[in-house]
Structure formats: structure tokens, C-alpha cells
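For reference, the structure discussed in these notes is given below.
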Amino acid sequence: MHAHQAGPYRIDAQQGNRTNQMTTFKKYFAAMLLAASTQAFAIPTLSVNAVPAPVVSGGKLDLAVTISDITDLYGYQFTLSFDTALLKANSFKEGAFLSTAGATFSDGGTLDNATGKISFVFNTLVGAGPGASGSGELGLFSFDTFGNGNAALTFSDVLFLDANLNEIAVVADGSSVQVVPEPESFLLVGIGLLAAGVARRRQQAARG
């Protein structure tokens with residue numbers, strides 16, 4: 001009786017093992033598809049790269065506005081806002097990324113150091129054809145620095161279009177750059193603290 005029942009049990013066990021293996025394979029395959037789709041459909045990111053960082057007060061700051069993981073970019077615009085207590089904007093230069101797809105027409109926007117805005121910077125390809133794909137620099141800005149602290153940098157009025165003039169969804173990643181005192185300022189502060197300490201000890205000695 002036991003011998004006749006062993007066969008079905010063995011078959012059931014084998015089927016169970018195959019089912020578990022298939023389940024494991026499906027989970028692994030699904031994870032691979034998810035990872036691939038995440039990479040393939042990464043959302044383009046608009047960001048800034050400051051050089052040097054941190055920057056010394058009284059010096060120059062070069063700020064690159066960059067785009068990453070974009071496909072078929074034909075034209076774009078954005079407004080860049082900055083901290084007027086720490087930064088003063090000077091100039092704009094077109095980045096090299098969009099021109100990899102052809103001739104371009106660009107404008108550095110309207111600069112207002114009173115409100116801390118460079119409004120409606122734009123660039124577009126000229127004529128028919130596919131847009132630029134990949135990652136690179138959209139624009140290069142030059143700033144004078146002063147004061148001491150963290151200067152916020154934010155985007156607004158962001159619009160990116162493909163070669164069919166359809167809007168491309170873009171994540172605008174604001175940032176900040178640290179402005180630090182000149183080394184001489186640290187030295188003067190140190191000398192002042194040392195002098196104050198010596199004077200205090202002399203006063204205490206005189207009282208004693």
C-alpha cells in the first residue's frame with residue numbers, strides 16, 4: 001500500500017520544486033525588467049555645477065547649468081534665481097550641448113541683480129531634424145561673490161521641447177554654493193582674538 005502511494009507523492013514534490021523554481025525565475029526576471037525600465041526612462045534633470053565650490057568672498061564663480069539623461073532636445077528655456085546678498089551676475093555663455101545636434105539660436109535672458117534673477121534664458125535648434133540626446137552643459141554663467149554664507153540657486157519658468165515641439169518632463173534640481181571669507185580675514189580674526197586674550201590676561205594679572 002505504501003509502495004503504491006510513494007509515486008504520486010514523489011511527483012507532487014517534483015511539481016512543487018518546479019513551481020518554486022518558476023516563481024523564483026519570474027521574480028528575478030521582473031526585477032531585471034524593472035531595473036532596465038528605470039534606466040531607460042530616467043527623468044531628465046536640470047541642475048547646476050559651481051566652480052570653485054566653496055568660493056572665496058571677493059572672487060569669481062563660474063556656474064554651469066546642465067541637463068542629464070535627455071532625449072531629442074530641440075529647445076529650452078528657464079529662469080535662474082540667485083542670492084543677491086552673496087552673488088552678482090555678470091555674463092552668460094551658451095553651453096555646447098544643444099549645438100551637438102545642429103545650428104542654434106540662444107539668448108542669455110534678462111539679468112536683474114536687484115531681484116536676483118536671470119529671466120527666460122533660452123536656446124533652440126534652427127531648422128528641421130532630431131534634437132540632442134544625452135547629457136551636457138546648457139549655459140555658463142559668471143558671478144562676482146561677496147559676503148559670507150550659502151547662496152541659494154533655484155529654477156523657474158522651465159520649459160523643454162523635443163523636435164516635434166512636445167514638452168519634455170524635466171526635474172529642476174536647485175542647489176546652493178557656499179561663499180567663505182578670504183584667508184586674510186581668518187588671519188585678522190585670529191590676531192584680534194589673540195590680542196584680546198593677551199589684554200584680558202594682563203588685566204587679570206594687574207588685579208591679582
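Nothing fancy with the numbering, it's 1 onward along the sequence. Treat the numbers as computed from the prediction; the structure is a model and nothing was measured.
At a threshold of 4.5 Å between non-hydrogen side-chain atoms, the residues Thr145 and Val56 do not count as touching. Annotation: side chain of Val179 is not in contact with side chain of Asn148 (no heavy-atom distance under 4.5 Å). Side-chain contact between Asp69 and Thr45 is absent, with no heavy atoms from C-beta onward closer than 4.5 Å. Within the 4.5 Å cutoff, the side chain of Leu73 has heavy atoms near those of the Phe97 side chain. Using a 4.5 Å cut-off on side-chain heavy atoms (C-beta onward), Phe160 and Leu46 make contact.
Screening Val158, Ile168, Leu161, Leu138 for a side-chain contact (heavy atoms from CB on, under 4.5 Å) with Tyr76, the sole residue that qualifies is Leu138. For the side-chain contact (heavy atoms from CB on, under 4.5 Å) with Leu87, the qualifying choice from Asp144, Leu153, Val55 is Leu153, the only one to do so.
In plain terms, the two heavy atoms of Ala101 and Ala132 that are nearest each other are CB-N, 3.6 Å. Taking both residues in full, the closest heavy atoms of Ala163 and Gly129 are given as CB-O, 3.5 Å, listed atom of the first, atom of the second, then distance.
A donor and an acceptor atom, one from each side chain of Asp157 and Thr79, are located under 3.5 Å apart. Ser99 and Glu94 are not linked by any side-chain donor-acceptor pair at a separation below 3.5 angstrom, with hydrogens and angles left out of the test.
For Asp83 (side chain) and Ala152 (main-chain N/O), no donor-acceptor pair under 3.5 Å exists by modelled atom type. A distance-only check finds no donor-acceptor pair linking the side chain of Asn164 to the backbone of Asn166 [under 3.5 Å]. With Ser133 contributing its side chain and Asp72 its backbone, the two residues share a donor-acceptor pair below 3.5 Å.
Residues Leu111 and Phe155 are members of one and the same hydrophobic cluster, defined by side-chain heavy-atom contacts under 4.5 angstrom among Ile, Leu, Val, Met, Phe, Trp and Tyr.
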